[in-house]
Amino acid sequence: MADFYITTAIDYVNGLPHVGHAYEKVLTDVIARFRRLMGDSVYFLTGTDEHGQKVQQTARARGVPPRQFADEVSAEFRAMLPRLLISNDDFIRTTEERHKRVVRELLQRLFDKGDIYRGEYRGFYSTRQEQFLLEKDRNPDGSWPDIYGEVTQIAEPNYFFRLRSYQEWLVEFLARNEGFVFPRFRQKQVTEFLKDPLNDLCISRPRERLEWGIPLPFDPSFVTYVWFDALANYYSAVADRPGVWPAALHVIGKDILVPPHAVYWPIMLHAAGLALPRGLLVHGWWLTSGAKMSKSAGNAFNPLELVDEFGADALRYFFIREMNVGQDGDFSRELFLVRYNSDLANDLGNLVNRVLNMTSRFAGGAVPAAGAEGEAELELRALWEATSRDYVALFGQYQFHTGLERLFAFVRSINAYVEKRAPWKLGKSADPADRALLQTSLAVMAEALRLASAALRPVMPGATATIDGVLGSRPSGAWLDELAWGGRLAGAKVSPALVLFPRPLPAAGKAP
RNA sequence: GCCAGGGUAGCUCAGUGGUAGAGCAGAGGACUCAUAAGCCUUUGGCCGCGGGUUCGAUCCCCGCCCCUGGCACCA
């Protein structure tokens, strides 16, 4: 059983992981962790897409069998997951038997039903590249680029899927389910696309041209082409797990919404008599506007370098804080460092440090119980009530960047509260009223930090676990209860001060 | 060309039919528990351009300009 089955797109193994891959995993993971904390039973799938022309060609060029090549690259993608603290439950490869079996079943079912038929594919073919070309492959003047060599128009038999006969159904489905695609404007794009008549979809390639694929069960001289292979992973991974399908959410990039995920996939499922996913979440891309400031060496850098340097939590925070889901975002080392320094090191990390330090110095290392609350305490508490309520609601609507903005405004308010009470002054006073206020202020700052940490857990699972640990907090019970202001830490033994997010050393040895 | 998104302070962005906001960067100040961090104050904007509706528009309508992406049998 699963209340919330969530997937990333599977990654094509013809290239190595880059920022976009890392972002999609992190975004999906944040949603998965959030849903788990909200009490859902979550099943989280990711994986790799491994068949096809390009893999076959690249493998051949390297002189290795496609299977071996796919193994190597798939392993790279897989290795990235733990480094980003991704909490996936499963990892599917389209070369696995469990996948191929389901693909064959799906194809056979549709073939028997008459939704797949044999026809003829016509197009421009490049013998040198061994592939059909598209109109967009042409030069602006209509000629074909030299890399294709001689281009001829040929026809070959192939199998087709009756997309067209389901177009009307899909249009109606989308009209009835306005929130199927998030953000809304993406669904409008789908609707626009469907205003023109669909052509049936060519779903096969003759084996003489493409061997690296899944043979059609009803005609082994063909393999199935990308659509029925790659898209089916979402279903094949859980076909043997009762109660998991349909997916609650497919997280994908905007490049593969129309037509694959918004047109082909729903029609494939509907034709096969399977339930549709409940929604698609379409994210944008990270752009490197720094094309102009590309003098500095590292404009094309691996996101995992930032993980090595600053930790997975920091990169995850940047991804989620900086990107408005659905829009594009700017990615550069400079932007990352601004977020890291100001939000993580200065605001949050330093707060952790000073809370621990003051608790040790002024309360013997145990969080005191709060006494009577004054105006400053009530204000901070009221801010938390509003912040936590909005934060949870915003996360539910995929407005993570706004949620984090609000949460860090709260973190800054904790810092302001500390300044207002100035425990270091109270600690020098012998006045009983000051002593009481000292206890209260230490309790309140620790509690506020505990709450901020709990809220941040889906985004920064590592760092927040550390914060919980050093505060002597043991998360238990429902997350929403944890997010309620209370006195949970009274009596907790805190650890000695630590530096959670060290400020990077100033760049040494700059080029003259 | 068609469709969509965006064009708001130096940078990244939020925002509402009624004298424009946050963070970062810049300037000044008080403090010291802390990662020279945090806190307080502050400089700074014909809200892309031109029309229109309105008592009044950054926000509504029309046109235009610029940036980004998609336009299918492509992973």
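Below, chain A is the first sequence line, B the second, and so on; all start at residue 1.
Between A:Arg339 atom CZ and B:rC24 atom P the separation is 9 Å, expressed in whole Å. Nucleotide B:rA34 holds its P atom 12 Å from the CG atom of A:Leu356, rounded to whole Å. At whole-Å resolution of the value, CZ in A:Phe408 and C1' in B:rA22 are 15 Å apart. Rounded to a whole Å, the NZ atom of A:Lys428 is 12 Å from the P atom of B:rC31. Rounded to a whole Å, the NZ atom of A:Lys420 is 18 Å from the C1' atom of B:rC33. The distance from atom CD1 of A:Ile414 to atom C1' of B:rG38 is 13 Å, rounded to the nearest whole Å. Atom pair A:Gln56:CD and B:rA75:C1' shows a separation of 14 Å (rounding to whole Å applied). Rounded to a whole Å, the CG atom of A:Leu394 is 13 Å from the P atom of B:rA14.
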Base versus backbone protein contacts along nucleotides 2-8 of chain B [heavy-atom cut-off under 4.0 Å; B, S, -] = -SSS---

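Side-chain N/O atoms of A:Asn14 include none lying less than 4.0 angstrom from OP1 or OP2 on B:rA75. The side chain of A:Arg503 contributes an N or O atom lying less than 4.0 Å from OP1 or OP2 of B:rA37. The phosphate of B:rA34 (OP1 or OP2) has a side-chain N or O of A:Arg361 nearer than 4.0 angstrom. OP1 or OP2 of B:rA75 has at least one side-chain nitrogen or oxygen of A:Lys54 nearer than 4.0 Å. Contact between the side-chain N/O atoms of A:Asn324 and the OP1/OP2 oxygens of B:rA14 is found at a separation under 4.0 Å.
Contacts of A:Gly52 with the nucleic acid, taken as non-hydrogen atoms under 4.0 Å apart, are absent. Nucleic acid contact class of A:Leu198 (heavy atoms, under 4.0 Å, all strands): base. Using a 4.0 Å heavy-atom cutoff across all strands shown, A:Tyr225 reaches sugar-phosphate atoms only and no base atom. Within 4.0 Å (heavy atoms only), A:Asp347 reaches sugar-phosphate atoms of the nucleic acid but no base atom. When heavy atoms are screened at a 4.0 angstrom cut-off, A:Val226 is found touching the sugar-phosphate backbone but no base atom. A:Asp49 comes within contact range of the sugar-phosphate backbone alone, with a heavy-atom separation under 4.0 Å but no base atom that close. Using a 4.0 Å heavy-atom cutoff across all strands shown, A:Leu257 reaches no nucleic acid atom at all. Note on A:Ala230: nothing from the nucleic acid sits closer than 4.0 angstrom, heavy atoms only.
Nucleotides B:rU58 and B:rG17 place their P atoms 13 Å apart, quoted to the nearest Å. Nucleotides B:rC39 and B:rA34 place their C1' atoms 13 Å apart, quoted to the nearest Å. A gap of 11 Å separates the C1' atoms of B:rU43 and B:rA9, to the nearest Å. Look at the C1' atom in both B:rC33 and B:rG15: the space between them is 37 Å, to the nearest Å. Spacing between B:rC3 and B:rG26 at atom P, rounded to whole Å, works out to 45 Å. For the P atoms, the distance from B:rG7 to B:rA75 is 34 Å, rounded to whole Å. Taking atom P in both B:rG5 and B:rC61, the straight-line distance is 12 Å, to the nearest Å. B:rC47 and B:rC59 have their C1' atoms separated by 9 Å, with the value rounded to a whole Å.
A donor and an acceptor atom, one from each side chain of A:Ser204 and A:Asn158, are located under 3.5 Å apart. In the model, A:Arg503 has a side-chain atom that pairs as donor or acceptor with a side-chain atom of A:Asn346 under 3.5 Å. Side chains of A:Thr95 and A:Glu50: a donor on one and an acceptor on the other come within 3.5 Å. Inspection of the A:Asn233 and A:Arg93 side chains reveals no N or O donor paired with an N or O acceptor under 3.5 Å.
The aromatic rings of A:His250 and A:Trp265 sit tilted, their planes meeting at an angle between 30° and 60°.
Across B:rG38, B:rA34, B:rU32, the shortest atom-to-atom separation from the side chain of A:Asn357 is found for B:rA34. Of the candidates B:rG69, B:rA75, B:rC39, the closest approach to any side-chain atom of A:Tyr12 belongs to B:rA75. Of the listed nucleotides (B:rA75, B:rU35, B:rG38), B:rU35 has the atom at the smallest distance from the side chain of A:Leu500. Closest contact between the side chain of A:Phe362 and the listed nucleotides B:rU12, B:rC73, B:rC33 involves B:rC33. Nearest nucleotide to the A:Asn353 side chain, out of B:rC73, B:rC24, B:rA34: B:rA34. Distances from the side chain of A:Pro259 to the nucleotides B:rU68, B:rA72, B:rU35 place B:rA72 closest. For A:Asp255, taking side-chain heavy atoms from C-beta onward, the closest of the listed nucleotides B:rA75, B:rC24, B:rC73 is B:rA75.
A donor-acceptor contact under 3.5 Å links the side chain of A:Asn350 to the base of B:rA34.
Scored by the side-chain hydrogen bond (donor to acceptor under 3.5 Å, both in side chains) test, A:Tyr391 finds no partners at all (sequence neighbours excluded). Applying the side chain to side chain contact (heavy atoms under 4.5 Å, CB included) rule to A:Ala237 yields the partners A:Tyr5, A:Leu45, A:Asp90, A:Ile92, A:Arg98; only residues at least two apart in sequence or on another chain are considered. Under the rule for a salt bridge (Lys or Arg N to Asp or Glu O under 4.0 Å), the partners of A:Arg421 that lie at least two apart in sequence or sit in another chain are A:Glu377.
Checked against A:Tyr264 for a ring-ring contact (aromatic ring centres under 6.0 Å, His included), the options A:Trp227, A:Phe228, A:Tyr166 give a single hit: A:Trp227.
Counting non-hydrogen atoms of other residues, nucleotides and ligands closer than 6.0 Å to CD of A:Glu211 gives a total of 12 or fewer.
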Can you check side-chain hydrogen bond (donor to acceptor under 3.5 Å, both in side chains) on A:His283 and A:Tyr398, steps first, answer last?
-> CA-CA 10 Å; A:His283 66 251; A:Tyr398 311 127; over 6 Å; no

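A salt bridge does not link A:Arg435 to A:Asp431: none of the charged side-chain nitrogens sits closer than 4.0 Å to a carboxylate oxygen.
The list of side chain to side chain donor-acceptor pair (under 3.5 Å) pairs with a residue in residues 177-186 of chain A, not counting sequence neighbours, reads A:Arg186-A:Gln189.
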According to the Watson-Crick and G-U wobble definition with distances under 3.5 Å, which dot-bracket string, read 5' to 3', encodes RNA chain B, using [ ] for crossing pairs and | for pairs with another strand?
-> (((((((..((((....[..)))).((((.........)))).....(((((..]....))))))))))))....

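Across the interface with RNA chain B, nearest-nucleotide mapping of A:Val352 and A:Asn341 shows A:Val352 to be the residue nearer the 5′ end. Between A:Thr402 and A:Trp424, it is A:Thr402 whose nearest contact on RNA chain B lies nearer the 5' terminus.
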